Each structure stands twice: as C-alpha cells, then as structure tokens.
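Here the structure is laid out as structure tokens; the discussion comes afterwards.
Treat the numbers as computed from the prediction; the structure is a model and nothing was measured. Positions are given from 1 along the sequence.
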Amino acid sequence: SDLETAMPTYLKSITFYNRAALAGSFDSQRDDIEVNQLLDDLRSQGAEIKDIQPTASGGFFKYTLTYVVTYEADVPVQL
C-alpha cells in the first residue's frame with residue numbers, strides 16, 4: 001500500500017527579522033537567495049520538497065517572516 005512505501009515527512013524553517021521602524025521593508029532578493037539555498041541543501045541530501053508556507057508576524061518595531069518547508073526524506077536533514 002502507499003502507507004508502507006511513503007517516506008517520513010519533516011519540517012525545516014527559516015526566519016527573517018526586520019526592524020520595520022529602522023530598516024523599512026524586507027529584502028526579498030536577499031531572502032530569496034537564502035530560501036533557495038536552504039531548498040538546494042535539503043535536495044542535495046535526498047529530501048523531496050513537498051510544500052513551502054510563508055507566515056508573517058510582528059508589530060510596529062519588529063516583523064518576522066518565516067518559511068516552513070515540508071519535505072520527505074529517509075531521516076531528518078541536518079543543516
């Protein structure tokens with residue numbers, strides 16, 4: 001059955017911080033490079049990326065942007 005052959009599912013997250021009152025907006029070009037590097041690192045160790053969910057939170061002085069990557073692999077990938 002599919003359950004017998006399915007690989008385990010794991011999560012990896014990467015978070016960016018921005019002090020909105022001082023720095024303005026997130027640097028999406030820089031952030032994209034870091035997120036893509038994380039994805040490449042996971043794939044290079046045999047992970048299959050299943051989903052990426054960004055979430056934002058914070059207030060006036062500090063915002064966070066977190067990407068949660070869901071992946072399948074034989075074991076959790078240590079980066």
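In this structure, F16 and Y67 have perpendicular ring planes: the angle between them is above 60°, well past the 30° mark.
For Y10 against A73, the heavy-atom pair with the smallest separation is CE1-O, 3.4 Å.
Contacts of S44 classified as side-chain hydrogen bond (donor to acceptor under 3.5 Å, both in side chains), with partners at least two apart in sequence or in another chain: none. For T15, the side-chain hydrogen bond (donor to acceptor under 3.5 Å, both in side chains) partners are T66, not counting sequence neighbours. Partners of D74 according to the side chain to side chain contact (heavy atoms under 4.5 Å, CB included) rule, which considers only residues two or more places apart in sequence or in another chain, are M7.
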Only distances under 3.5 Å count here; give the side-chain donor-acceptor pairs of residues 34-41 to other protein atoms, sequence neighbours excluded, each with its distance to 0.1 Å.
from: N36; atom 1: ND2; to: D32; atom 2: O; distance (Å): 3.1
from: Q37; atom 1: NE2; to: D41; atom 2: OD1; distance (Å): 2.7
from: D40; atom 1: OD1; to: R43; atom 2: NH1; distance (Å): 3.4

Quiz: residues 47-54 side-chain donor-acceptor pairs under 3.5 angstrom, not counting sequence neighbours:
from: E48; atom 1: OE2; to: K50; atom 2: NZ; distance (Å): 2.9
from: D51; atom 1: OD1; to: Q53; atom 2: NE2; distance (Å): 3.4
from: D51; atom 1: OD2; to: Q53; atom 2: NE2; distance (Å): 3.0

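Under a 4.5 Å side-chain heavy-atom criterion applied to ILVMFWY residues, the cluster that includes V68 comprises L11 as well.
To the nearest 0.5 Å, atom CG of residue L65 and atom OH of residue Y17 are 11.0 Å apart.
P8 places none of its side-chain heavy atoms less than 4.5 Å from the side chain of Y71.
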